[in-house]
Amino acid sequence: NAVRARGLDLTRDYFKAMPSPATTGGVRSDQLRPADAKKKVTPLPNPGVQEVTLEEVVHCFRDPEYAPGQADSRYLFLDARNDADYQEGHIPGALQVDHYYKDEYLPDLLPRIDSAEHVIIYCNGDDCEDSILVCMDLLDEGVPARKLMLFRDGWEGWVKAKCAVETEGD
């Protein structure tokens, strides 16, 4: 723990018990088919980080105080996907921050993050954890957890709902 930036929480149970037959409707966990099993959910990087639904994200996107590209916008959307995915399409006004190249993105983004009231972070959705990694990066940079909003459905959920899309060059 002395050399790790985030260390291990020594009180956390990293090896959770398998669900009992009582919690799976009388079926043992080894009898569950993949379609019956719930999708793996990665825990939030900090209990203060909010997880938001598609409906909440759409509400923020439509809020008159969302001014894409403006430094004084109440909301800031951050796309945690790589260059190719971002250029193919993203939420209009979203800025890119690739966790794997965060040193290239964060210096320019931190002033914008500081001035926004809410920072909505998304990646591809489903099993993608890039948005969680970006959340952790921002927490390490001192961004308050109360400001961060994690949109787990991400790009896949946004497109599936037929919401507005912006591509590079639009």
Side-chain angles (χ1 to χ4, degrees), residues 1-17 19 23 38-82 85-86 90-161 163-164:
N1 270 351
V3 295
R4 285 183 54 115
R6 287 188 199 97
L8 294 173
D9 180 359
L10 299 177
T11 61
R12 180 176 167 201
D13 180 9
Y14 287 96
F15 304 99
K16 300 209 183 294
T23 63
K38 289 192 175 194
K39 142 174 107 166
K40 179 184 109 176
V41 177
T42 305
L44 292 172
N46 180 302
V49 172
Q50 304 171 57
E51 187 169 344
V52 290
T53 64
L54 174 66
E55 292 77 21
E56 292 168 316
V57 172
V58 169
H59 176 76
C60 295
F61 180 77
R62 292 183 178 155
D63 189 316
E65 293 188 49
Y66 173 54
Q70 302 298 315
D72 61 346
S73 180
R74 182 175 181 201
Y75 303 98
L76 178 64
F77 284 80
L78 293 181
D79 187 318
R81 299 174 304 143
N82 64 35
D85 289 340
Y86 178 81
H90 51 270
I91 294 175
L95 302 175
Q96 184 189 13
V97 55
D98 185 339
H99 161 76
Y100 300 99
Y101 301 98
K102 64 186 174 191
D103 294 336
E104 295 175 22
Y105 293 96
L106 289 181
D108 294 332
L109 286 176
L110 286 173
R112 297 282 300 273
I113 291 167
D114 288 340
S115 66
E117 190 175 325
H118 302 286
V119 180
I120 301 162
I121 306 159
Y122 70 94
C123 56
N124 280 321
D126 278 337
D127 292 333
C128 181
E129 295 180 347
D130 291 345
S131 56
I132 293 172
L133 295 172
V134 168
C135 269
M136 294 167 70
D137 294 337
L138 295 176
L139 291 167
D140 287 347
E141 291 291 331
V143 176
R146 64 177 162 64
K147 186 181 270 204
L148 302 178
M149 302 169 81
L150 184 66
F151 176 38
R152 282 194 199 258
D153 288 342
W155 181 244
E156 291 173 359
W158 184 262
V159 171
K160 189 175 183 181
C163 296

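Atoms considered below: every heavy atom in the structure, side chains included; atoms not considered: hydrogens, waters and symmetry mates. None of the values given here were measured: they were computed from a predicted structure.
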The criterion is salt bridge (charged side-chain N to carboxylate O under 4.0 Å, His left out); which residues satisfy it with [X], sequence neighbours excluded?
X	answer
Arg74	Asp63, Glu117
Asp114	none
Glu56	none

Distance from [X] atom [atom1] to [Y] atom [atom2], nearest 0.5 Å?
X	Y	atom1	atom2	result
Cys135	Glu129	SG	CD	12.0 Å
Gln96	Leu109	CD	CG	9.5 Å
Ile121	Ile132	CD1	CD1	10.5 Å
Cys123	Leu78	SG	CG	12.0 Å
Asp79	Asn124	CG	CG	8.0 Å

Can you give me the closest heavy-atom contact between [X] and [Y], atom names plus distance?
X	Y	result
Tyr66	Cys60	CB-O, 3.5 Å
Pro92	Ala164	CD-O, 3.3 Å
Ser73	Glu65	OG-O, 3.5 Å

Ring pair (Phe, Tyr, Trp, His ring centres under 6.0 Å) pairs, two or more places apart, involving residues 128-150: none
Residue pairs, two or more places apart or on separate chains, that pass ring pair (Phe, Tyr, Trp, His ring centres under 6.0 Å) and touch residues 102-137: Tyr75-His118
Just by distance, do the side chain of [X] and the backbone of [Y] share a donor-acceptor pair under 3.5 Å?
X	Y	value
Lys102	Val134	no
Trp158	Asp153	no
Tyr100	Asn82	no

Met149/Ile120 under side-chain contact (heavy atoms from CB on, under 4.5 Å): CA gap, chis, key distance, verdict: CA-CA 5 Å; Met149 302 169 81; Ile120 301 162; 3.9 Å; yes
Quick check: do [X] and [Y] have side-chain heavy atoms less than 4.5 Å from each other?
X	Y	value
Leu148	Leu139	yes
Val97	Leu106	yes
Cys163	Ile91	no
His99	Asp130	no
Val49	Glu51	no

Candidate pair Ile113 and Leu76, rule side-chain contact (heavy atoms from CB on, under 4.5 Å), full reasoning: CA-CA 7 Å; Ile113 291 167; Leu76 178 64; 3.6 Å; yes
Residues which pass ring-ring contact (aromatic ring centres under 6.0 Å, His included) with Phe151, listed by chain and number, not counting sequence neighbours: none
